[in-house]
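Quick caveat: nothing in here was measured; it's all calculated off a predicted structure.
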Amino acid sequence: NTLSSNESRLYSSRGGGRSYDRPSTRGKDAKPSTERARHNRARNLEDQKRKDAYKKRIEHKVETTQQVVAQRASRVGEPDSPEYLAKVAEHDQFLTVYGRKTVREALRDKQIRFRHVYLDERVLITNSNVSRNEADPVILEILDLIRERNIKLISADRMKITHISKNGKQDGGIVADLFAPPGSKLASVTDFLKQAPESYHILALDQITTPANMGMIIRSAVAANNFDAILVGDGSVSVTNPLVIKASASTALLAAKSKIGNRTTTAEGGDAPTASFIAAKDGIFNALTALRQDGADIVLLAADPNGINM
């Protein structure tokens with residue numbers, strides 16, 4: 001039996017007459033696939049956008065990225081400008097917290113001042129279009145407290161909430177910017193010793209790098225009501241980290257607002273203006289030495305496997 005011309009072209013020599021292969025499209029005149037063509041068009045469009053943007057920067061005498069990087073490198077070592085220092089000072093006034101229960105606990109404390117609260121628009125719509133029995137009780141209480149305290153509520157999409165919190169898995173769709181309590185800014189050991197009472201107890205933490213552990217330790221320290229301040233080593237996570245505040249169930253905020261356990265008092269019986277948190281800026285060893293020489297009772301928790309030799 002003879003094969004037709006089409007059958008001969010489709011006939012597979014590899015299959016030994018047992019199968020037919022599709023015609024080859026690898027020739028010079030073969031057209032690219034639809035997906036490949038779409039990819040090429042998108043790539044060409046991006047290239048054209050970059051070229052147009054570069055031309056506009058040249059026309060309007062806007063610095064290119066390379067020029068900006070070169071100028072920044074040349075300014076290394078120069079003092080910061082007053083505008084930059086003003087922005088840093090403004091940023092230090094605020095503290096960001098997230099999580100439904102964390103924000104609720106902060107709202108319950110009337111002494112903590114809020115700047116505004118961001119709430120996921122889907123969470124807001126979901127809990128606004130159902131009866132109070134079906135809505136989330138935590139969200140309902142948050143909304144009631146916001147109305148009661150006349151705090152600005154901003155409805156935002158999910159991407160913006162995640163962008164602000166930097167932790168979309170644990171923010172619960174709500175982020176709050178509040179004015180940082182006075183004790184949230186860590187004081188130096190020298191400043192603390194200037195105002196410390198005659199007898200006081202210190203909880204020293206070093207190399208506590210996990211926010212959840214730091215939050216639970218602060219929560220336990222406040223509940224124990226045995227410490228006047230917490231010394232935080234430079235190798236530990238910040239006590240103002242949103243995850244630390246969330247893990248401590250907002251206890252870190254309450255401790256920063258007042259004093260650890262409200263134990264520190266002056267000889268006249270009033271609260272001493274000592275800090276809740278102390279930063280070991282010169283190293284944990286030097287800080288512990290200074291506090292011990294001043295007569296402090298210290299409880300040390302350190303994750304350093306080599307220990308701290310005193």
Side-chain angles (χ1 to χ4, degrees), residues 95-112 138 167 169-172 176 178 180-189 192 196-197 199-265 271-281 284-285 287-288 290-292 294-308 310:
L95 192 64
T96 301
V97 297
Y98 55 74
R100 300 185 181 185
K101 294 184 178 180
T102 304
V103 175
R104 181 188 63 178
E105 294 300 322
L107 284 168
R108 286 177 174 178
D109 192 329
K110 301 298 179 60
Q111 297 183 17
I112 297 179
V138 179
N167 193 339
K169 294 183 179 180
Q170 301 189 35
D171 58 27
L178 49 88
S184 61
K185 189 174 183 180
L186 277 66
S188 64
V189 176
F192 176 81
S199 176
Y200 55 94
H201 302 268
I202 299 293
L203 174 62
L205 306 176
D206 188 50
Q207 300 296 327
I208 309 297
T209 58
T210 305
N213 294 341
M214 177 67 80
M216 291 302 297
I217 291 172
I218 294 175
R219 187 176 181 180
S220 301
V222 174
N225 196 24
N226 289 327
F227 301 101
D228 297 288
I230 293 180
L231 174 67
V232 182
D234 53 1
S236 299
V237 64
S238 172
V239 295
T240 58
N241 185 301
L243 278 178
V244 173
I245 298 175
K246 181 178 176 65
S248 67
S250 296
T251 307
L253 278 179
L254 302 178
K257 180 179 65 68
S258 55
K259 284 161 283 296
I260 300 296
N262 282 326
R263 295 187 67 259
T264 304
T265 56
D271 290 337
T274 52
S276 300
F277 299 104
I278 311 171
K281 299 179 180 179
I284 189 68
F285 177 80
L288 292 175
L291 292 170
R292 285 285 297 274
D294 194 60
D297 294 329
I298 302 174
V299 175
L300 174 62
L301 291 177
D304 188 355
N306 298 323
I308 300 177
M310 293 296 296

Spacing of [atom1] belonging to [X] relative to [atom2] belonging to [Y], to within rounding of 0.5 Å:
{"X": "Ile284", "Y": "Leu300", "atom1": "CD1", "atom2": "CG", "value": "6.5 Å"}
{"X": "Asp109", "Y": "Leu178", "atom1": "CG", "atom2": "CG", "value": "10.5 Å"}
{"X": "Leu243", "Y": "Met214", "atom1": "CG", "atom2": "CE", "value": "12.5 Å"}
{"X": "Thr96", "Y": "Asp171", "atom1": "OG1", "atom2": "CG", "value": "12.0 Å"}
{"X": "Ile218", "Y": "Asn213", "atom1": "CD1", "atom2": "CG", "value": "11.0 Å"}

Which residues pass the side-chain contact (heavy atoms from CB on, under 4.5 Å) test with [X], sequence neighbours left out?
{"X": "Ile298", "result": "Ile202, Ala204, Leu288, Leu291, Arg292, Ala296"}
{"X": "Ser220", "result": "none"}
{"X": "Val138", "result": "Arg100, Arg104, Asp136, Ile142"}
{"X": "Lys169", "result": "Asn167"}

Atom of Gly233, atom of Ala280 and distance for their closest heavy-atom approach: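 Distance-wise, the nearest heavy atoms are CA-CB, 4.1 Å.
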pair [X]-[Y]: side-chain heavy atoms closer than 4.5 Å:
{"X": "Leu203", "Y": "Ile217", "answer": "yes"}
{"X": "Tyr98", "Y": "Val103", "answer": "no"}
{"X": "Leu231", "Y": "Leu205", "answer": "no"}

Sequence-distant partners of Asp294, side chain to side chain donor-acceptor pair (under 3.5 Å), two or more places apart: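 So Asp294 forms a side chain to side chain donor-acceptor pair (under 3.5 Å) with Tyr200.
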Residue list, side chain to side chain donor-acceptor pair (under 3.5 Å) with Ser238, at least two apart or on another chain: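 Testing Ser238 for side chain to side chain donor-acceptor pair (under 3.5 Å), a comparison that skips the adjacent residues, returns Thr240.
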Exam field: side chain Asp228 to backbone His201, donor-acceptor pair closer than 3.5 Å: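 Yes; judged by distance alone, with no hydrogens or angles, the pair exists.
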Any donor-acceptor N/O pair, Ser248 side chain to Arg219 backbone, under 3.5 Å: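 Answer holds: no.
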Val237 vs Thr210, side chain to side chain contact (heavy atoms under 4.5 Å, CB included): CA-CA, chis, key distance, verdict: CA-CA 7 Å; Val237 64; Thr210 305; over 6 Å; no
